[in-house]
Amino acid sequence: MLLCCRIPLANFTLDIDASFDARVTSIFGPSGSGKTTLLDAIAGLRSIAAGEIEVDGNVLFSSKSGINQPPQQRGIGYVPQEGALFPHLSVRGNIHFGARRKPSDGGTSAITFDHVVEVLEIGALLDRPVTTLSGGEMQRAALARAILSRPRLLLLDEPLAALDIGLKERILPYLRRVRDEFAIPMLYVTHDVSEVFAVADWVIMIRAGKVIEKGAPRAILPSHWLTADPEQSQVENIFDAVWVDANPTAGRTRVRLECGREIFIPFMARPKELSLQVRIRGDDILLATERPAGISAGNVFDGVVLDIEIVEGQAIIKVDAGDIFTVRLTMGAVQALGLAIGQSVFLIIKTRSC
């Protein structure tokens, strides 16, 4: 996808120039940075002063060539924050409304109603009025409607922003299923780091209308967590994992990270989906230069210091322990331990910190 557009806004000019080819690309940045404006421009809902937008070889807009396809001809599926379902239609009626649109060139015509309903597990909702749905059910119905339009590109504008943390964690697996089941590239707007790690292969970070970084999420996001307010910013480690077994007596569950390392998390019974996501705050990881003994922490394993970044008196330390763990320490702790790049260390993580 080629994305080049210039749009004057009230406080700054949105000026984006990026090209990428990924299943899911996240547009990541703080509120007010121009993320929704960018999606509106791609969908043809916002005027562009200059630039070019190309999706899968199809030019949607080009100021140089005088091309500006109308929204209904762009083959774009759009899921806004609130879902925007038609209140006078049932869930079934809303989804079939998406299916009425002729598949776009480059869209996936093989997508079927039954397949989408199965993947999103909304069969029991089909005959319900949309006014009776919960926030998470609305988002799944809106996603189904967009997918059934068989678009060449799917735009998602902070689809989980209005949901509480518990509901977000239940909806994220559905977004991963959509990513894995349907050959539809997605642009996913969010300001939540955990959502980027959960679904995106590529991330474009923007601030005040400008691209400040782009690349694989794990490669670029940790160094930008501590930006405007280091005291309030959180450093999070987010890993894909698989449920292995659980011990209710010990109150813990064993999971396996993608790198093969197994760690303990708080007890959870065998879930329907064995794949899950583990989050550990960088402030909740301790480092030691010798293997500790006689401690209660459930996770102690060795690693090697890859990088030490100093941000306003705080140290952000990357440790290779199979996966890359990011740890935040005070400068006093770094000096007391004599930490240096290439040094062997031990990570200490309480089970309840996962």
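This one's a predicted model, so the numbers in the text were calculated from it and none came from an experiment.
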**Prompt:** Are any of the side-chain heavy atoms of Val55 and Leu60 separated by less than 4.5 Å?
**Reply:** yes
**Request:** Check step by step if side-chain contact (heavy atoms from CB on, under 4.5 Å) holds for Leu160 and Tyr188.
**Result:** CA-CA 11 Å; Leu160 308 184; Tyr188 188 101; 3.7 Å; yes
**Request:** Determine, using the 4.5 Å side-chain heavy-atom cutoff (strictly less than), whether Ile348 and Leu339 are members of one ILVMFWY cluster.
**Result:** no
**Message:** Between the side chains of Asp201 and Arg23, is the shortest nitrogen-to-carboxylate-oxygen separation below 4.0 Å, so that they form an ion pair?
**Reply:** yes
**Message:** Do the side chains of Asp127 and Arg92 get close enough for a salt bridge, i.e. N-O under 4.0 angstrom?
**Reply:** yes
**Prompt:** Between the side chain of Ser63 and the main-chain N/O of Gly51, is any donor-acceptor distance below 3.5 Å?
**Reply:** yes
**Fill in**
Between the CG atom in Asp323 and the CG atom in Asn237, the distance rounded to the nearest 0.5 Å is 9.0 Å
**Prompt:** Of Ile76, Leu155, Val24, which meets side chain to side chain contact (heavy atoms under 4.5 Å, CB included) against Leu187?
**Reply:** Leu155
**Request:** Evaluate whether atom CZ of Arg177 has more than 12 neighbouring non-hydrogen atoms of other residues, nucleotides or ligands under 6.0 angstrom away.
**Result:** yes
**Asked** Measuring from Asn11:CG to Ser33:OG, what's the distance to the nearest 0.5 Å?
**Response** 12.5 Å
**Prompt:** Would you say the side chain of Leu276 lies within less than 4.5 Å of the side chain of Met268, judging by non-hydrogen atoms?
**Reply:** yes
**Request:** With the side chain counted from C-beta on, respond yes when Leu175 and Leu156 share a heavy-atom pair under 4.5 Å apart, and no when they do not.
**Result:** yes
**Prompt:** Which heavy atom of Val116 sits nearest a heavy atom of Leu148, and at what distance?
**Reply:** CG2-CD2, 3.1 Å
**Request:** Output the distance between atom CE (Met205) and atom CD1 (Ile212), rounded to the nearest 0.5 Å.
**Result:** 4.5 Å
**Asked** Is the cationic atom of Arg291 (NZ for Lys, CZ for Arg) positioned less than 6.0 Å from the six-membered ring centroid of Phe346 and within 45 degrees of its normal?
**Response** no
**Fill in**
Output for pair (Leu14 CG, Ile7 CD1), nearest 0.5 Å, gives 5.0 Å
**Request:** Go through Asn247 and Thr253 one step at a time and tell me if the side-chain contact (heavy atoms from CB on, under 4.5 Å) criterion holds.
**Result:** CA-CA 6 Å; Asn247 186 334; Thr253 289; over 6 Å; no
**Asked** Of all heavy-atom pairs between Val119 and Val178, which one has the smallest distance, and what is that distance?
**Response** CG1-N, 4.4 Å
**Asked** Could you state the interatomic distance from CD1 (Ile27) to CD1 (Ile204), rounded to the nearest 0.5 Å?
**Response** 4.0 Å
**Asked** Taking Thr190 for the side chain and Asp192 for the main chain, is one N or O donor matched with an acceptor at less than 3.5 Å?
**Response** yes
**Prompt:** Is any side-chain heavy atom of Leu9 closer than 4.5 Å to a side-chain heavy atom of Thr37?
**Reply:** yes
**Prompt:** Same cluster for Leu257 and Ile238 if Ile/Leu/Val/Met/Phe/Trp/Tyr side chains link at under 4.5 Å?
**Reply:** no
**Prompt:** Looking only at heavy atoms, which two atoms of Glu52 and Glu54 are closest? And how far apart?
**Reply:** OE2-OE1, 3.7 Å
**Request:** With the side chain counted from C-beta on, respond yes when His115 and Phe182 share a heavy-atom pair under 4.5 Å apart, and no when they do not.
**Result:** yes
**Prompt:** Stepwise, does the side-chain contact (heavy atoms from CB on, under 4.5 Å) test hold for Tyr78 with Ile42?
**Reply:** CA-CA 10 Å; Tyr78 199 162; Ile42 296 169; over 6 Å; no
**Request:** Classify the side-chain pair Asn299/Arg252 by whether it contains a donor and acceptor separated by less than 3.5 Å.
**Result:** no
**Pairing of Asp240 and Arg176 as salt bridge, 4.0 angstrom limit** = yes
**Request:** Report the C-alpha distance between Thr326 and Ile316 in whole Å, list the side-chain angles of each, state the deciding distance to 0.1 Å, and finish with yes or no for side-chain contact (heavy atoms from CB on, under 4.5 Å).
**Result:** CA-CA 7 Å; Thr326 304; Ile316 307 303; 3.4 Å; yes
**Request:** Might you work through the salt bridge (charged side-chain N to carboxylate O under 4.0 Å, His left out) test for Asp245 and Arg254, ending with a clear yes or no?
**Result:** CA-CA 5 Å; Asp245 57 37; Arg254 189 158 50 105; 2.2 Å; yes
**Item:** Check: Pro266 main-chain N/O paired with Arg352 side-chain donor or acceptor under 3.5 Å
**Value:** no
**Asked** Do Met1 and Asp21 come close enough that some side-chain heavy atom pair is under 4.5 Å?
**Response** no
**Message:** Just checking Arg256: does its CZ atom have more than 12 heavy atoms from other residues, nucleotides or ligands closer to it than 6.0 angstrom?
**Reply:** no
**Request:** Mark yes or no for whether Asp283, through its side chain, and Ile285, through its backbone, hold a donor-acceptor pair below 3.5 Å.
**Result:** no
**Prompt:** Any chance NZ of Lys210 has more than 12 other-residue heavy atoms, nucleotides or ligands included, within less than 6.0 Å?
**Reply:** yes
**Prompt:** When you measure from the side chain of Ser65 to the backbone N and O of Ser62, does any donor-acceptor pair fall under 3.5 Å?
**Reply:** no
**Request:** Kindly state whether the ring of Phe325 and the ring of Phe239 have centres lying under 6.0 angstrom apart.
**Result:** yes
**Prompt:** Would Ile317 and Val300 show up in the same hydrophobic cluster when neighbours are defined by side-chain heavy atoms closer than 4.5 Å?
**Reply:** no
**Message:** For the OG atom of Ser31 and the CD atom of Glu158, what is their distance to the nearest 0.5 Å?
**Reply:** 6.0 Å
**Side-chain donor/acceptor of Lys214 to backbone N/O of Ser19, under 3.5 Å** = no
**Prompt:** Quick check: does any side chain N or O of Arg261 sit under 3.5 Å from a backbone N or O of Ala321, one acting as donor and the other as acceptor?
**Reply:** yes
**Asked** Would you say Asp17 and Val211 make side-chain contact, with heavy atoms under 4.5 Å?
**Response** no
**Prompt:** With the 4.5 Å side-chain cut-off for hydrophobic clustering, are Val79 and Phe113 part of the same group?
**Reply:** yes
**Prompt:** Can you name the closest pair of heavy atoms from Ile206 and Gly34 and give their distance?
**Reply:** CD1-C, 4.1 Å
**Asked** Do Gln343 and Val304 come close enough that some side-chain heavy atom pair is under 4.5 Å?
**Response** no
**Request:** Identify whether the distance between the nearest side-chain nitrogen and carboxylate oxygen of Arg140 and Glu121 falls below 4.0 Å.
**Result:** no
**Item:** Side-chain ion pair, Arg128 and Glu137, N-O less than 4.0 Å
**Value:** yes
**Message:** Using a 6.0 Å distance limit plus a 45 degree cone around the ring axis, check whether Arg145 lies over the aromatic ring of Phe86.
**Reply:** yes
**Message:** For His191 and Phe28, I'd like to know if the aromatic rings sit close, meaning centre-to-centre distance below 6.0 Å.
**Reply:** no
**Asked** Does Phe20 share a hydrophobic cluster with Leu153, counting links as ILVMFWY side-chain heavy atoms below 4.5 Å and allowing steps through other members?
**Response** yes
**Request:** Mind listing the closest non-hydrogen atom pair of Ile111 and Arg150 along with its distance?
**Result:** O-NH2, 2.9 Å
**Asked** Taking all atoms of both residues into account, what is the closest heavy-atom pair of Ala216 and Val203, and its distance?
**Response** C-CG1, 4.3 Å
